[in-house]
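Hydrogens, waters and symmetry mates are skipped; everything else that's a heavy atom, side chains included, is used. For the single chain, residues carry numbers from 1 onward in sequence order. Just so you know, these numbers come straight off a predicted model, no measurement behind them.
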Amino acid sequence: MDKEKLANKRLSVSFHQTFIPERQYIAALLRYVATGQKGTDKEISDQTGIPVGKSSGKVPAIISYCSGMGLINILKTSGAKEKQLEFTPFGRVVLLEDSNLSEELTQWLVHLHLCRKNGGAEIWYLSFNKGYNTLGMTFTEQDLAEYLERNCGKRNRSPLGPLVRTYDEVAAFKTAHVLDLQDDGKLKRSPAPLLAGFRNGYGAFLLSLWDEYFPSERQVTITDFESAVHWQKICGWNQRQNETVLDMLQDAGAITIDKQMRPWVLVRRAEAQQFWTSLYDELA
């Protein structure tokens with residue numbers, strides 16, 4: 001694994017400019033990317049209807065969200081203010097089959113991408129990945145805000161931003177029930193669902209992470225994979241749930257598992273692309 005190459009770049013604490021990721025705007029941006037055009041924030045706003053102002057606006061926030069969600073890549077262009085965007089394999093299949101991001105599977109996968117150590121968003125990484133051992137699966141909003149403040153340093157406004165609202169508003173990702181407000185006022189984090197229809201999505205996500213962290217290796221121990229990738233933490237699974245999903249991925253042909261070894265050894269059997277292509281094939 002090339003540690004220099006993996007610089008763990010994440011979206012900044014305030015990349016969202018306090019805007020939640022509204023699905024209607026994500027859908028509009030995906031349709032824009034499909035045209036192959038490049039443009040300034042103002043030009044993208046004119047084409048998509050996503051609001052933008054003179055000094056700030058939703059266009060840069062939505063572009064950043066889509067990047068952190070693993071839907072697009074942002075390419076360098078010669079013009080300082082022009083942006084050239086391209087689909088990832090995940091983004092392309094979402095455009096074709098669930099462009100409004102209404103499926104629970106889609107909402108879970110964009111969430112999991114935001115939580116990545118490399119390529120995700122800082123606040124999502126801290127809340128749902130690094131903070132797993134500290135916060136657990138049930139916590140108050142104040143617990144979360146204080147944890148983020150400890151990790152982000154003193155700031156003029158709370159680093160929590162729109163994270164909680166993202167999972168409380170239907171316009172964003174409430175359907176996934178990633179984070180729910182309980183009757184006692186606490187926030188309850190849900191583990192990623194153990195549903196057979198989700199296995200192609202989990203297979204695609206695991207194999208794409210494998211491409212990034214272990215590109216030249218066909219097998220890796222479950223502990224080395226977790227140490228590098230934080231797969232189990234991101235998904236919020238306990239050990240038994242994680243093992244259940246790995247068995248599902250073995251059944252799907254993504255990996256095989258050598259259970260004679262301790263720790264288990266995962267052996268790669270497929271490429272991420274074939275699972276992205278069949279992402280929605282098994283949904284009921």
Side-chain angles (χ1 to χ4, degrees), residues 1 3 6-16 18 20-21 64-65 68-70 107-169 172-174 176-194 202 205-206 209 212-213 221-246 263-264:
M1 181 168 50
K3 289 188 172 64
L6 295 172
N8 295 333
K9 292 181 180 174
R10 294 184 287 273
L11 296 170
S12 71
V13 171
S14 56
F15 81 92
H16 45 69
T18 73
I20 64 168
S64 293
Y65 269 124
M69 290 171 180
Q107 295 189 15
W108 267 103
L109 286 172
V110 297
H111 163 76
L112 297 178
H113 277 86
L114 282 171
C115 302
R116 290 174 297 165
K117 188 166 67 166
N118 188 44
E122 185 68 21
I123 295 304
W124 272 258
Y125 163 74
L126 289 170
S127 301
F128 297 103
N129 184 335
K130 185 181 177 182
Y132 178 79
N133 294 332
T134 303
L135 294 166
M137 298 295 281
T138 304
F139 42 83
T140 66
E141 189 165 328
Q142 185 175 348
D143 291 336
L144 179 57
E146 289 174 354
Y147 172 78
L148 293 175
E149 283 162 11
R150 287 198 302 275
N151 281 271
C152 297
K154 193 135 184 79
R155 309 178 73 84
N156 289 331
R157 60 172 62 174
S158 169
L160 186 58
L163 184 139
V164 174
R165 286 189 293 123
T166 293
Y167 302 103
D168 192 44
E169 298 198 18
F173 301 127
K174 187 178 177 71
H177 294 289
V178 170
L179 203 58
D180 285 314
L181 184 63
Q182 303 296 289
D183 291 340
D184 61 4
K186 289 185 177 179
L187 295 167
K188 182 174 174 55
R189 177 185 171 188
S190 296
L194 305 186
Y202 295 148
F205 187 53
L206 181 141
L209 292 169
E212 185 176 2
Y213 287 90
T221 66
I222 191 173
T223 49
D224 283 351
F225 192 81
E226 180 61 25
S227 177
V229 175
H230 301 178
W231 158 261
Q232 185 178 331
K233 275 186 187 175
I234 289 171
C235 296
W237 292 323
N238 59 33
Q239 185 176 341
R240 185 170 182 178
Q241 290 167 327
N242 188 39
E243 291 175 358
T244 297
V245 171
L246 293 174
W264 287 1

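Closest approach of S190 and M137 over heavy atoms only: C-CE, 3.8 Å. Taking both residues in full, the closest heavy atoms of N118 and K9 are given as OD1-N, 2.7 Å, listed atom of the first, atom of the second, then distance. Of all heavy-atom pairs between A172 and T166, the closest is CB-O, 3.2 Å. Across all their heavy atoms, F128 and C115 have their closest contact at CB-SG, 3.5 Å. The two residues V13 and C152 have their closest heavy-atom pair at CG2-SG, 3.9 Å.
Here the side chains of V110 and L114 are not in contact, with every heavy-atom distance at 4.5 Å or above.
Applying side chain to side chain donor-acceptor pair (under 3.5 Å) to N129 and the options K233, R116, H230, K117 leaves one that passes, H230.
Applying the salt bridge (Lys or Arg N to Asp or Glu O under 4.0 Å) rule to pairs touching residues 126-138 yields nothing, sequence neighbours excluded. Sorted by first and then second residue, the side chain to side chain donor-acceptor pair (under 3.5 Å) pairs with a member in residues 176-187 read H177-D180; sequence neighbours excluded.
With rounding to the nearest 0.5 Å, the separation of OG in S127 from CG in L148 is 4.0 Å. Atom CG of residue L160 and atom CZ of residue R165 lie 9.5 Å apart, to the nearest 0.5 angstrom.
In this structure a side-chain-to-backbone donor-acceptor pair under 3.5 Å is present from D143 to T140. Put simply, the side chain of T244 gets close to the backbone of R240: a donor and an acceptor are under 3.5 Å apart.
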Take T221 and W264 through the test side-chain contact (heavy atoms from CB on, under 4.5 Å) and record every step on the way to the result. CA-CA 6 Å; T221 66; W264 287 1; over 6 Å; no
Verdict with supporting geometry, F15 and Y65, ring-ring contact (aromatic ring centres under 6.0 Å, His included): CA-CA 8 Å; F15 81 92; Y65 269 124; 4.9 Å; yes
CA sep, side-chain torsions, deciding dist, call: W237, Y132, ring-ring contact (aromatic ring centres under 6.0 Å, His included): CA-CA 10 Å; W237 292 323; Y132 178 79; over 10 Å; no
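Between H111 and Y167, the ring-plane angle classifies as perpendicular under the 30° and 60° cut-offs.
Remark: R10 pairs with E122 by the salt bridge (charged side-chain N to carboxylate O under 4.0 Å, His left out) rule, at least two apart or across chains.
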